[in-house]
Amino acid sequence: MKINAQDLTLEEKLSLLCAEDIWQTNSLGGKLRSVRVADGPHGLRKTDGWHDNPVNGTAMPNLSLLACSWDRNAAKRDGAVIADDCIENGVDVLLAPGVNIKRTPLCGRNFEYFSEDPYLAGELGKAFIEGVQEKGVGTSLKHFACNNREYNRLYQSSEADERTLQEIYFPAFRKAVEAKPWTVMCSFNPVNGVFSFENEKLLKKTLRGQFGFEGVILSDWDTVRNSYKSLKAGLDVRFPYSETAFVELKNAYEKGLISDAEIDFSVDKVLELIKKAATAKKKMTTDRAQRHSIATELAKESMVLLKNDGDVLPLKGGSVCVLGNFAANPTVGGGGSAYAQPSYRQENLAALLTRQNAAVDARYIGEFVADPCFYRCVNVRAALSAAYKADVAVVCVGTTEVQETEDFDRASLRLNAVQEDLILKVAEINPRTVVLLYTGSAVDMTPWLDKVQAVLWVGFAGEGANEAAAEILCGNVSPCGKLSETYPLSLEDTPDKGFPGTGLYNVYAEGIFVGYRYYDKTKKDVLFPFGHGMSYAKFEYSDLSIEKRGDTDYTVRYKITNRSDIDAKEISQVYVKDAFSSLSRPTKELKGFDKTLIKAHETAEIAVSLDFSSFAYYSPALERFYVENGEFEILVGASSRDIRLSARVEISLPDETQVSL
């Protein structure tokens with residue numbers, strides 16, 4: 001029998017809007033089925049309480065790395081694997097994914113987020129949700145909105161103008177909502193002076209009105225200050241259980257501060273969620289070994305070869321000295337609620353290199369370099385002696401879940417002095433030095449980058465990190481990942497120069513010029529641009545053509561030829577530039593991308609679609625997105641700063657659609 005709000009007493013309704021405990025919706029004493037939620041997005045993190053007895057599931061690549069795959073199918077597969085872990089452990093809703101924009105590379109939670117670009121974040125976020133929910137498990141799109149730093153996130157207001165919100169911080173949520181996530185989670189922080197969970201404009205007008213979201217709106221854990229104010233603003237369920245929540249709602253109802261209609265609206269949303277969880281067809285399609293295999297495959301699709309002078313990679317053979325504790329104990333993911341503790345024990349990178357290529361004699365000497373992540377005694381003589389004798393030295397450095405984590409921002413983009421010193425000393429005595437970076441986000445490499453021959457960003461790659469890295473280093477697979485965020489030369493070059501905010505508010509003074517948009521506008525050099533990533537293959541772009549299909553609809557076609565003996569995948573990017581805009585716009589904006597396997601000496605024809613949103617900007621005066629007539633440039637590149645092809649189109653919409661200028 002279907003139950004709706006009218007079938008419940010007032011006390012039952014109000015109880016339903018309060019959680020039963022930390023992880024379950026209220027069952028009303030067994031009258032209803034509880035919905036069990038659990039953390040993600042890099043693997044299931046199910047606990048009995050806050051942190052005790054965690055389930056050891058599959059530790060997947062972190063979203064910051066997965067985004068570098070630029071692959072919607074990879075994001076979908078990632079979600080499907082985690083859904084299988086959820087099904088196996090009785091979880092109905094995965095509290096993921098996060099699609100917040102990487103406004104600053106210091107944000108401690110950047111490893112959980114896809115990109116600095118809203119188009120890329122939205123496309124991959126939508127695919128991830130589809131992958132989870134097609135298995136009968138729900139998702140919770142988060143953190144809505146403007147959770148772009150961890151510093152004082154419970155109180156500091158994110159202050160952004162309407163155009164900036166609509167063009168940068170909202171689009172990824174708008175796109176992801178198309179996948180119909182079962183729930184959306186509010187952020188901790190206020191937005192323009194009002195907490196997100198009490199922000200009626202944010203929840204009712206934007207999320208439900210503009211985006212068309214129809215599911216349940218959840219609070220983040222221990223955020224709500226007042227239950228009735230949040231209910232009036234559009235919040236449906238407050239997590240976790242709080243003794244004061246029911247009392248606040250009951251008192252407000254008795255005072256006439258909340259109406260039956262407001263209560264019933266949220267109650268019916270929760271009842272719909274319960275029905276979805278009860279009736280969804282859940283079916284596991286992978287076992288534990290298969291999930292590990294997919295985790296490794298996705299890591300291979302995502303790792304980014306940042307530098308490869310002299311083609312030192314792939315390894316051809318000979319002796320290889322592997323230094324650094326990360327080779328034996330790689331960081332699988334960032335800390336906090338997103339940390340997934342794997343049950344799978346990774347092998348040492350050196351052993352994997354020798355197994356992947358019999359011509360490679362790789363030896364791990366990490367016992368001489370205890371843990372370069374922290375300040376410990378290091379037997380530098382032993383390390384350098386081994387590196388000096390080797391044909392190639394591989395130095396494994398990075399950060400841990402302690403340094404990149406929820407609740408805290410990083411203080412610096414630099415590796416610590418112990419690691420930088422190790423790299424410099426090794427590079428000085430062995431010119432064929434390769435650095436592997438096990439980090440969750442951008443790193444300042446300026447002290448040592450020009451001293452080494454190659455750099456592979458391994459990222460927080462999950463439980464298949466070393467297996468994937470070994471295959472790439474040995475050339476069994478060509479690297480094909482590309483950066484989903486800009487690597488600046490220094491923290492001082494970033495838009496906010498590392499300023500964390502006043503503690504009361506953080507003004508988004510750069511407006512829409514975030515990430516590569518900012519570096520393009522200011523004409524700043526960067527360490528590595530957005531979209532950068534090298535391959536063992538060589539690709540040639542040609543034959544760009546634009547087919548008009550409607551007033552603002554186009555198909556962009558071009559060819560990519562693999563001029564090498566290696567089968568490899570290439571990520572190509574389509575940017576749009578408004579040649580003569582009536583207001584400030586970025587130099588170019590990502591509006592399409594493709595990833596294609598191109599066999600050696602073969603050519604692939606790529607087609608990317610553009611539509612109204614590809615040319616529009618948000619007009620605060622019109623309170624809507626608007627396309628202005630005129631010329632636009634279509635730019636096709638291998639990165640945001642490696643544009644290979646360009647063409648022009650002219651949009652001529654009817655005069656009645658245009659404002660007078």
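Only a predicted model underlies this, so the values are computations on that prediction, with no experimental measurement involved.
- Taking the side-chain contact (heavy atoms from CB on, under 4.5 Å) definition, one finds that Glu428 meets it with nothing, sequence neighbours left out.
- Side-chain atoms of Tyr558 and Ser572 include a donor-acceptor pair closer than 3.5 Å.
- In terms of the side chain to side chain donor-acceptor pair (under 3.5 Å) criterion, Thr296 has no residue partners (sequence neighbours excluded).
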- request: Just do the side-chain hydrogen bond (donor to acceptor under 3.5 Å, both in side chains) check on Asp444 and Thr446 with the steps written out, would you?
  value: CA-CA 6 Å; Asp444 179 353; Thr446 51; 2.6 Å; yes

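- Atom NZ of Lys282 is surrounded by more than 12 heavy atoms from other residues, nucleotides or ligands within 6.0 Å.
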Donor-acceptor pairs under 3.5 Å, side chain of residues 383-391 to any protein atom, not counting sequence neighbours: which ones?
unit_1 : atom_1 : unit_2 : atom_2 : d
Asp391 : OD2    : Ser319 : N      : 2.8
Asp391 : OD2    : Ser319 : OG     : 3.2

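- Residues Ser535 and Glu570 have side chains that never bring a donor and an acceptor to within less than 3.5 angstrom of each other.
- When each of Val526, Leu413, Leu527 is paired with Pro488, the side-chain contact (heavy atoms from CB on, under 4.5 Å) condition holds for Leu413 and for no other.
- Here Arg72 does not pair with Glu130 in a salt bridge; the nearest charged N to carboxylate O distance is not below 4.0 Å.
- A salt bridge between Arg291 and Glu88 is present, with a side-chain N of the basic residue lying under 4.0 Å from a carboxylate O of the acidic one.
- Side-chain polar atoms of Ser64 and Asn110 form no donor-acceptor pair below 3.5 angstrom.
- Considering Thr58, Asn62, Val332, Leu65 as possible partners of His42, the one that fulfils the side-chain contact (heavy atoms from CB on, under 4.5 Å) test is Asn62.
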Identify each donor-acceptor pair in which a side-chain atom of residues 452-469 lies under 3.5 Å from a protein atom, sequence neighbours left out, and give them as a table.
unit_1 : atom_1 : unit_2 : atom_2 : d
Gln453 : NE2    : Asp309 : O      : 3.4
Trp457 : NE1    : Thr439 : O      : 3.4
Trp457 : NE1    : Thr439 : OG1    : 2.7
Trp457 : NE1    : Tyr487 : OH     : 3.4
Glu463 : OE1    : Ala59  : N      : 3.1
Glu463 : OE1    : Arg288 : NH2    : 2.9
Glu463 : OE2    : Arg288 : NH1    : 3.2
Glu463 : OE2    : Arg288 : NH2    : 3.2
Glu463 : OE2    : His292 : ND1    : 2.8
Asn466 : OD1    : Tyr438 : OH     : 2.8
Asn466 : ND2    : Ala327 : O      : 2.9
Asn466 : ND2    : Glu347 : O      : 3.0
Glu467 : OE2    : His292 : NE2    : 2.6
Glu467 : OE2    : Tyr344 : OH     : 3.4

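- The only option from Lys175, Lys591, Lys595 that meets the salt bridge (charged side-chain N to carboxylate O under 4.0 Å, His left out) definition with Glu123 turns out to be Lys175.
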- request: Show your reasoning for whether ring-ring contact (aromatic ring centres under 6.0 Å, His included) applies to Phe530 and Trp70.
  value: CA-CA 12 Å; Phe530 174 80; Trp70 293 63; 5.4 Å; yes

field: Audit row: Asp567, Ser478, side-chain contact (heavy atoms from CB on, under 4.5 Å) steps and yes/no
entry: CA-CA 8 Å; Asp567 297 347; Ser478 177; over 6 Å; no

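- Residues Arg77 and Thr286 have side chains that never bring a donor and an acceptor to within less than 3.5 angstrom of each other.
- Applying the side-chain contact (heavy atoms from CB on, under 4.5 Å) test to Thr405 and every residue at least two apart in sequence or in another chain returns Phe408.
- Not counting sequence neighbours, the partners of Gln341 by the side chain to side chain donor-acceptor pair (under 3.5 Å) test are Tyr339.
- Using a cutoff of 4.0 Å between basic side-chain nitrogens and carboxylate oxygens, Arg641 and Asp520 are scored as salt-bridged.
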Steps toward side-chain hydrogen bond (donor to acceptor under 3.5 Å, both in side chains) verdict (Glu485, Ser441): CA-CA 8 Å; Glu485 63 180 306; Ser441 49; 5.2 Å; no

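- For NZ of Lys524, the number of neighbouring non-hydrogen atoms (other residues, nucleotides, ligands) closer than 6.0 Å is greater than 12.
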